[in-house]
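Below: one structure, written as structure tokens.
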Amino acid sequence: MRSEMTTDGTTASGRGAQDEPTHGASATGPRTVWITGAGSGMGRATALRAARTGWTVALSGRRREVLEQLAAEIREAGGNALVAPLDVQDREAVRSTAERIAEQLGGIDALVLAAGLNAPKRRWDDQDLTEFDAIVATNLTAVASTVDAALPHLRERGGQVVVISSYAGWSFQPGAGVAYSASKTALGSLVRTLNQQEAAHGVRACHLCPGDVATDFLDQRPSVPGAEARARMLTAEDIARTASFVLDSPAHVRIDELVVSPVSQA
């Protein structure tokens, strides 16, 4: 039997997951991954997969009710989850949430940073600079704030960071937009500096760059893709599987960058 983490950090007896154990559970007990943007899309799929493979998951996002539903699904499958609602643009809230997670779950072993933002008006001739600020704050500044808040705990564990970026962070994509392209491209440098400066502590980071993924994020495009186009895209589960590959890699392995694309580019 495995203990089950409730929303307030208490435990109750729960049934173990049926998946084979992986590196997500250490010799001293389950390891903790903190996931931002956990309420939908790639963050949600990654949380479900990580929980199935033995990780205790801390779920952050703006919508508590959605996170509670996800946590209930994880617990019903025998996993452990802590709900930690959060606006990633609120730096003080990020810091206090990191401390709460570390205190209630015994540390932080990994981060998956999946919160993201774009806007339909994304060109120089139509963009709104208030929206520009919000996109950069979510896609770039919030990533730095979350890593900074969790870093003391990651150093203790030789932790992992998976930054879910974008194909536009790896290769220029004209339709991605000014603010989105700039913020996602900058994540590559953020990951490289983290790897160079924190390697002595065993901290490893991956710049994960997915191509088109069929999630609700597509609704932020100027022209929203239809069902036929989405059927050719990657799924959130494809990215969750990739993130899990990084999370469950041995401690001596660092995966600096991964680019994942759909075969069809139509």
Side-chain angles (χ1 to χ4, degrees), residues 33-53 55 57-74 77 79 81 83-89 110-120 122 131 134-140 142-143 146 161-170 173 175-177 179-181 183-184 187 206-247 258-262:
V33 56
W34 179 16
I35 303 175
T36 65
S40 62
M42 294 178 281
R44 185 182 192 280
T46 300
L48 288 167
R49 188 173 185 89
R52 287 198 304 270
T53 56
W55 291 83
V57 291
L59 308 170
S60 284
R62 289 179 297 177
R63 297 173 294 170
R64 175 182 284 275
E65 65 281 2
V66 172
L67 298 177
E68 294 284 5
Q69 291 169 6
L70 175 58
E73 185 174 347
I74 288 170
V83 172
L86 176 67
D87 179 352
V88 293
Q89 293 189 35
L111 299 177
V112 175
L113 304 172
L117 184 65
N118 206 346
R122 53 182 66 177
E131 289 184 336
I135 292 166
V136 173
T138 300
N139 295 350
L140 176 60
V143 171
T146 308
V161 179
V162 180
V163 178
I164 297 184
S165 180
S166 169
Y167 198 87
W170 178 72
Q173 302 298 302
Y180 189 84
S181 294
S183 59
K184 292 296 186 178
L187 290 176
C206 177
H207 185 220
L208 176 53
C209 303
D212 287 341
V213 184
T215 70
D216 291 345
F217 196 76
L218 296 174
D219 295 340
Q220 300 179 34
R221 288 189 175 181
S223 179
V224 178
E228 184 177 350
R230 291 177 189 238
R232 296 191 294 268
M233 297 179 182
L234 300 169
T235 67
E237 289 71 26
D238 293 328
I239 305 309
R241 184 170 60 251
T242 307
S244 289
F245 167 70
V246 178
L247 289 174
L258 279 174
V259 180
V260 185
S261 308

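Quick caveat: nothing in here was measured; it's all calculated off a predicted structure. Heads up: numbering here begins at 1 and tracks the sequence.
- Taken from CZ in Arg62 to CD in Gln89, the straight-line distance is 8.0 Å, to the nearest 0.5 Å.
- Annotation: salt bridge (Lys or Arg N to Asp or Glu O under 4.0 Å) contacts of Glu228 (sequence neighbours excluded): Arg232.
- Residue Gly169 comes nearest to His207 through the heavy atom pair O-CE1, 3.5 Å, listed as atom of the first residue, atom of the second, then distance.
- In this structure, Leu70 and Leu48 have side chains that are in contact, with non-hydrogen atoms separated by less than 4.5 Å.
- Here the shortest heavy-atom pairing between Leu59 and Leu67 reads O-CD1, 3.6 Å.
- Pro210 and Leu208 make their closest contact through CD-O, 3.3 Å (heavy atoms, listed as atom of the first residue, atom of the second, distance).
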If you look only at distance, which donor and acceptor atoms sit under 3.5 Å apart when one is on a side chain in residues 33-44 and the other is two or more places apart or in another chain?
| residue | atom | partner | partner atom | Å |
| --- | --- | --- | --- | --- |
| Trp34 | NE1 | Ser60 | OG | 2.8 |
| Thr36 | OG1 | Ala114 | N | 3.3 |
| Arg44 | NH2 | Glu73 | OE1 | 2.6 |

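- Checked against salt bridge (Lys or Arg N to Asp or Glu O under 4.0 Å), Arg241 has the following partners two or more places apart in sequence or in another chain: Asp238.
- Residue Cys206 holds its SG atom at 9.5 Å from CD1 of Ile164, rounded to the nearest 0.5 Å.
- Considering every non-hydrogen atom in both Ala51 and Val57, the closest pair reads N-CG1, 4.1 Å.
- Considering every non-hydrogen atom in both Ala176 and Ala168, the closest pair reads CB-CB, 3.8 Å.
- Annotation: side chain of Ser261 is in contact with side chain of Tyr167 (closest heavy-atom distance under 4.5 Å).
- Residues Val88 and Leu113 have side chains not in contact (no heavy-atom distance under 4.5 Å, counting atoms from C-beta outward).
- Here Ser181 pairs with nothing under the side-chain hydrogen bond (donor to acceptor under 3.5 Å, both in side chains) rule; sequence neighbours left out.
- Of all heavy-atom pairs spanning Ser165 and Tyr180, the tightest one is O-OH, 4.3 Å.
- Under a 3.5 Å cut-off, the side chain of Arg49 and the backbone N or O of Thr46 do not form any donor-acceptor pair.
- Counting only residues at least two apart or in different chains, salt bridge (charged side-chain N to carboxylate O under 4.0 Å, His left out) contacts with residues 111-120 are absent.
- Under the 3.5 Å distance criterion, the side-chain polar atoms of Thr138 are left unmatched by any main-chain donor or acceptor of Ile135.
- Taking Ser183 as the reference, Asn139 meet the side-chain hydrogen bond (donor to acceptor under 3.5 Å, both in side chains) condition, with sequence neighbours excluded.
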